[in-house]
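Accompanying notes for the structure given below.
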Number of protein chains: 2
Amino acid sequence: MAGPPTPLGPGVGPGGGPGAGPPARERADAARNRSRALAAAEELFAEQGVAATTMDAVAARAGVGKGTLYRRFGDKAGLAAALLSERGRELQQGILAGPPPLGPGAPPARRLVAFVEAYLAFQSSRVDLVLLSETGPPGARLRKPSYAFWRQHCTLLLSQAGAPDPALRAEALLASLAAEQVQHWLREGRDPEALRGALTGVAAALVPSRDP
Amino acid sequence: MAGPPTPLGPGVGPGGGPGAGPPARERADAARNRSRALAAAEELFAEQGVAATTMDAVAARAGVGKGTLYRRFGDKAGLAAALLSERGRELQQGILAGPPPLGPGAPPARRLVAFVEAYLAFQSSRVDLVLLSETGPPGARLRKPSYAFWRQHCTLLLSQAGAPDPALRAEALLASLAAEQVQHWLREGRDPEALRGALTGVAAALVPSRDP
DNA sequence: GAAGTTAGCGGACCGCAGTCCGCTTCGTCA
DNA sequence: TGACGAAGCGGACTGCGGTCCGCTAACTTC
């Protein structure tokens, strides 16, 4: 199996401050426009909801051309992903180097359960943003670098735990955790706690139980 | 637990609008236009692929206004669903009244595996059509009557097999079988046979493997 | 500081999904 | 058979996501 998964993709820089520096040299106006766009998007999403916010509106509010928006973020989903990148990075950090059971050190089955819980919490914090970031041409979300990270992590854990077909089971698990599905469950009134319990149960069921 | 699941909606029949109309009498021109539209769609999908076919093109080929198309089928996904409805109904029939292990008579865990195999076969027969039928506003596919049927069937089997959280596990299983996911696996070169084996394995893992 | 290079800008433009509404034609009933 | 109500029609229209390309201004070089 491969080494440590790759981090979140590039192009998603500082949310509102000089926290993380852009990887490559970036022109001054480019940096300025990027933070303007992110700020405008955040505002509009808060004011009128994610679904009702158009890219034209974001561009106008940011005082920027639409072309700029698209060169920077690719598409609407990319814009959402950029807004989520900080939280996503935190979660990735917790997985790679944080304390057990999410981070290294705990037995793989335990880590998998912890991942499910953390991933659910991550999603619940900005449901509609996550949903938007996963919306797009069919299959697009399965090709994004962030998805590759989660997949590889789960694959590794399932493999270590001795589950058959770890790669496929990892994707099956992630399919159950897709934003569309989770939002559907929440909308129809499922108790978040019960949901958490049931989904960790699914994760546990995917590794063979060794009990006599 | 509920009785037998409801069958597919009225085949996306007359009424078109949300809520599905009563199976009322259908006007002659309406019937003629519907079959024309379906024929035109089938042709164009075959000629230039599903993705490249626009609703305008279907309307033009059918010699019908776009409004007619939309009243009849609701949206593009509905058109695809209508083209699939016959096969879907066959599968539903096989579940409700066909021979075991898909139909009644076999133990629930066995029926669940048979369902996964049959559902995969159903999808594989028209991958892109199924994909189109599941494309749309987020969560839309989870609210369609056909989805309700599969969900209820799986829920019932899992419940009979004594699995915990049968309703949620049913949806988790179906999420792994979503067209987007399956098409992704096939596109990336997975062997269909191996896929079938691995996914039935997932289904089996979702029911308790040993008697408590 | 001046000239050159090019990354980046931005808004006009396009294609398509989906809506609207005045007109047509079907089925019915006398 | 003629007339009437309404189910159904259809194409112009809207709104939005995404692209294109001539222009601007930020860095580089001398």
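Residue numbers begin at 1 in each chain, while the letters A, B, ... track the order of the sequences. No experiment lies behind these values; they were computed from the predicted model shown.
By the ring-ring contact (aromatic ring centres under 6.0 Å, His included) test, B:F122 is found to be paired with no residue, residues two or more places apart in sequence or in another chain being considered. By the side-chain hydrogen bond (donor to acceptor under 3.5 Å, both in side chains) test, A:R36 pairs with no residue at all, sequence neighbours left out. Annotation: side-chain hydrogen bond (donor to acceptor under 3.5 Å, both in side chains) contacts of B:R190 (sequence neighbours excluded): none. Residues satisfying the side-chain hydrogen bond (donor to acceptor under 3.5 Å, both in side chains) criterion with A:E134, sequence neighbours excluded, are absent altogether.
At C:dC20, none of the side-chain N or O atoms of B:R71 fall inside 4.0 Å of OP1 or OP2 (strictly under the cut-off). In terms of phosphate contacts, B:T68 brings no side-chain nitrogen or oxygen within less than 4.0 Å of OP1 or OP2 of D:dG8.
Counting only residues at least two apart or on different chains, the salt bridge (Lys or Arg N to Asp or Glu O under 4.0 Å) pairs with a member in residues 167-177 of chain A are A:R151-A:E171. Within the structure, salt bridge (Lys or Arg N to Asp or Glu O under 4.0 Å) contacts touching residues 123-132 of chain A (residues at least two apart or in different chains) are A:E42-A:R126. For residues 56-68 of chain A, the set of pairs meeting the side-chain hydrogen bond (donor to acceptor under 3.5 Å, both in side chains) definition, not counting sequence neighbours, comprises A:E43-A:R61, A:E47-A:R61, A:D56-A:K66.
Aromatic ring orientation, A:Y147 versus B:H184: perpendicular (interplanar angle above 60°, classes split at 30° and 60°).
Taking every heavy atom of residues 46-58 of chain A and every atom of DNA chain C, no pair lies under 4.0 Å.
Rounded to an integer number of Å, the gap from CG of A:D75 to P of D:dG18 is 5 Å. In this structure, the CZ atom of B:R72 is 19 Å from the C1' atom of C:dA17, given to the nearest Å. The NZ atom of A:K66 sits 7 Å away from the C1' atom of D:dC16 (whole-angstrom rounding). Atom P of nucleotide C:dT25 and atom CZ of B:R32 are separated by 10 Å, given to the nearest angstrom. Between A:F73 atom CZ and D:dG17 atom C1' the separation is 16 Å, expressed in whole Å. The CZ atom of B:R34 sits 15 Å away from the C1' atom of D:dA7 (whole-angstrom rounding). In this structure, B:E26 places its CD atom 11 Å from P of C:dG27, rounding to the nearest Å. Rounded to whole Å, atom P of C:dG18 lies 11 Å from atom CG of B:L79.
Out of D:dG10, D:dG18, C:dC26, the shortest distance to the side chain of B:D29 is found at C:dC26.
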Short N/O separations, protein against nucleotides 1-7 of chain C, under 3.5 angstrom:
unit_1, atom_1, unit_2, atom_2, d
C:dA7, N3, A:R27, NH1, 2.5

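Residue-to-nucleotide proximity on DNA chain C shows that, of B:A28 and A:N33, the 5′-proximal contact is made by A:N33.
Counting only distance, with no hydrogens or angles, the side chain of A:K144 and the backbone of A:A81 share no donor-acceptor pair below 3.5 Å.
Within 4.0 Å of A:K76, counting heavy atoms only, lie sugar-phosphate atoms of the nucleic acid but no base atom.
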